[in-house]
Amino acid sequence: MRLGLTEQYLIATRQTYHQGLTFDQPVRLQFDLETTALSPDEGRIFLIAVRDNRGLETLLEARQAAQEGAMIEAFLELVQARNPDVIENHFIHGFDLPFLTARARTLGIPVRLGRAGDGVPWTIDDGSRTPLWACPGREILDTLDAVRRLPLPSAGLKAVARHYGLAPDDRVYLEGAEIVQTYRDNPGAVRRYALQDVQEVDALARIVLAPSFALARLTPRPYSRLTRAGPAKGVLEPMLIRAYYEAGRPFPASEQGPQDPHRGGHVQLHAEGVLNHVVKADVASMYPSIIRADGIGPRQDDLGSFNRIVSDLTTQRLEHKRQARNAALPEAERREAHAMQDAMKLIVNAAYGYLGAGRLARLGDRGAADQVTARGRALLQQVTGALEASGVQLIESDTDGVYFSTREPIGEPAERALIAAVSATLPDGITLEFDGRAQAMLSHQIKNYALLRYDGTLDVSGASFESSRSERYGMTFLRTALMAVLHGDVPGVQAVFLDVMHQLATRAYTNADVGTRVRIGKTREAYALTRGKRKEAHLEAAWQAGLAFKVGDRLDLYVRVGQGLTVMTGPEGHDYDVKHYQAALVQNYATRLRKALDPADWDQLFGGRGPGLFDRPVHDMHVRWRPVADQDSTAAERRLL
DNA sequence: GGTGACCGGGG
DNA sequence: GTGTACGGTCACC
């Protein structure tokens, strides 16, 4: 087993980071380099923006190459003078620190960045593609590391800042390649740009680094390691090791022997189609609650530290949750409490996964993990059984939660009362909670559904409705049609379908409405070499258009009448292939409505036949739902198929 | 057509 | 269900 020196020191001295410290009590310094190239071999630094949370905000500049060394020295002196505890930037590990140290080495400048010794930063190979940088006495935090764990479309600073509403109205946006020229023509723009970068990093850090800052109070690891640490191996296991160290006992060896694949949660579709008066209920923190209620832990854990950690954190978390909700407390205190309860949640949720993990988890125990999931399946059956006995129609149950329809409108208080009544039948320490409601639900497949909320908004979930195909005309159709279906309005579905088909036929849409955007993965020159051997549809389109494309370029493509896939030169044009897009509307979008209608009705509406002798009047059609035959399976079993 | 590697991010 | 991610793209067979 390998534990870093800092981790060993923290355990041996019974310390963790940040005891009694709030996020802005440490001195936090942000710096950002502007360079003439992405590689320190090909370019140099010409500007450094620096700020800290004690009021510093400044720029260092080297207009001529000869001034770069003096600027770097001034920067290092500034860092020593401000004496930060934490140094932050976006991609600091992958860009700013490698670039700065490489330039300093070339210029013969010692990089005194840290507090002790020679202060020179070094890299730690943590197995990832970008090594970590560390320097004595200061924590180096990369907001990119924290952002990468979040489900955001882009992890870039500008995009993430906009996502969180942190970008100022007068934000300067410059393409990387144009920064040098802009600096010559309009240095003020680059100065504003660089200052806004460090300001955004500061604001972003407060949001995305807060979870790691809170975790550092709980586990004996340095703050700077926690943005990359996995919750099980990286956070929970050091706590287990600490428990054994403090008891003066050796840390148990991992379990050997055959490990049967174990069953996961129970998943079942009970009904498909459109149902009204929908309620969602779930078992609160199900797996941690089971671990605590049943006293489950790995059998090699003689000290019972696993169960005690989960139990203690669960108890403490309730207190922090209470504080986070306490309106009498100051805002800052409530935010801290919220961050702490989130950190505790992360650890207790990792506990079950750690049990079921393979040999790398020293206190993993497949048998104990099986106990947890078996109990979870039994609990879910108990919940669905009790709900069914109360007369509701089940729709979908998954691991720890269930959607059901009350059939008749009974109102939210009665819905909550129903859930509370079922909860009262569950064992001590296990509670069923109300988790939302909707006027209607289109149940399409397991984990694929659309909800019409009571405020009229549409929530969709699952790949069927959030597909990466996203032609504007198709997504507009799907949203409108889902709304109609959820309102039980079949004529409305037909109306929007006929409308979109008509708009296509009359070329009322623009090419931009039907086209898609793709990213290019090679240059024109590179494609020229392989084109003879193998054609790639979207590159071929760019080739035919005579474009000088390169990696990362975005291309708008559409199917042009008589030409196939083509680069969109006129987004406002109307020369798209009508037949192609009409077929795509049925194939890619209307099929998502199948479960809402009788098959014959679906065929009549979307089948492409003209009006027929045996057609039903659309006004006689209704949305429908039907129970699904019991074909239950578990997550683990489905994975084996 | 399936599979493995490579990438994001930064100027 | 751990370990840095995780989904998309491309080269190669």
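Both backbone and side-chain heavy atoms feed into the values below; hydrogens, waters and symmetry mates do not. Naming convention: chains lettered A, B, ... in sequence-line order (proteins, then strands); numbering from 1 in each chain.
- The side chain of A:A232 lies closest to C:dT2 when the candidates are B:dG11, C:dT2, B:dG9.
- Base engagement by A:A177 is indicated by at least one non-hydrogen atom pair under 4.0 Å involving a base atom.
- Below 30°, between 30° and 60°, or above 60°: for A:F251 and A:Y244 the angle between ring planes is above 60°, a perpendicular geometry.
- With hydrogens and angles left out, the side-chain atoms of A:E139 and A:Y17 include a donor and acceptor closer than 3.5 Å.
- Comparing A:R129 and A:F95 by the nucleotide of DNA chain B whose heavy atom lies nearest to each, the residue mapping closer to the 5' end is A:R129.
- Looking at heavy-atom distances under 4.0 Å, A:D96 makes no contact with the nucleic acid at all.
- Side-chain atoms of A:T35 lie closest to B:dG11 of the nucleotides B:dG9, C:dG3, B:dG11.
- Here the side chain of A:D142 pairs a donor or acceptor atom with the backbone of A:H93 at under 3.5 angstrom.
- The same atom, P, is picked in C:dT2 and in B:dG9; the two are 25 Å apart, to the nearest Å.
- A:R228 comes within contact range of at least one nucleobase, with a heavy-atom separation under 4.0 Å.
- Between B:dG11 and A:S39, no contact under 4.0 Å exists linking OP1 or OP2 to a side-chain N or O.
- Here A:G234 lies in heavy-atom contact (under 4.0 Å) with sugar-phosphate atoms only.
- Residue-level contact check: A:I45 touches neither bases nor backbone, having no heavy atom under 4.0 Å from any strand.
- The existence of a salt bridge linking A:D202 and A:R206 is confirmed by a sub-4.0 Å separation between a basic side-chain nitrogen and an acidic carboxylate oxygen.
- Across all strands shown, A:D197 has heavy atoms under 4.0 Å from sugar-phosphate atoms exclusively, and none from any base.
- Residue A:S154 has its side chain nearest to B:dG9 when only C:dG1, B:dG10, B:dG9 are considered.
- If you check every strand for non-hydrogen atoms under 4.0 Å, A:L174 touches nothing.
- Residue A:L38 is in base contact, counting any heavy-atom pair closer than 4.0 Å across all strands shown.
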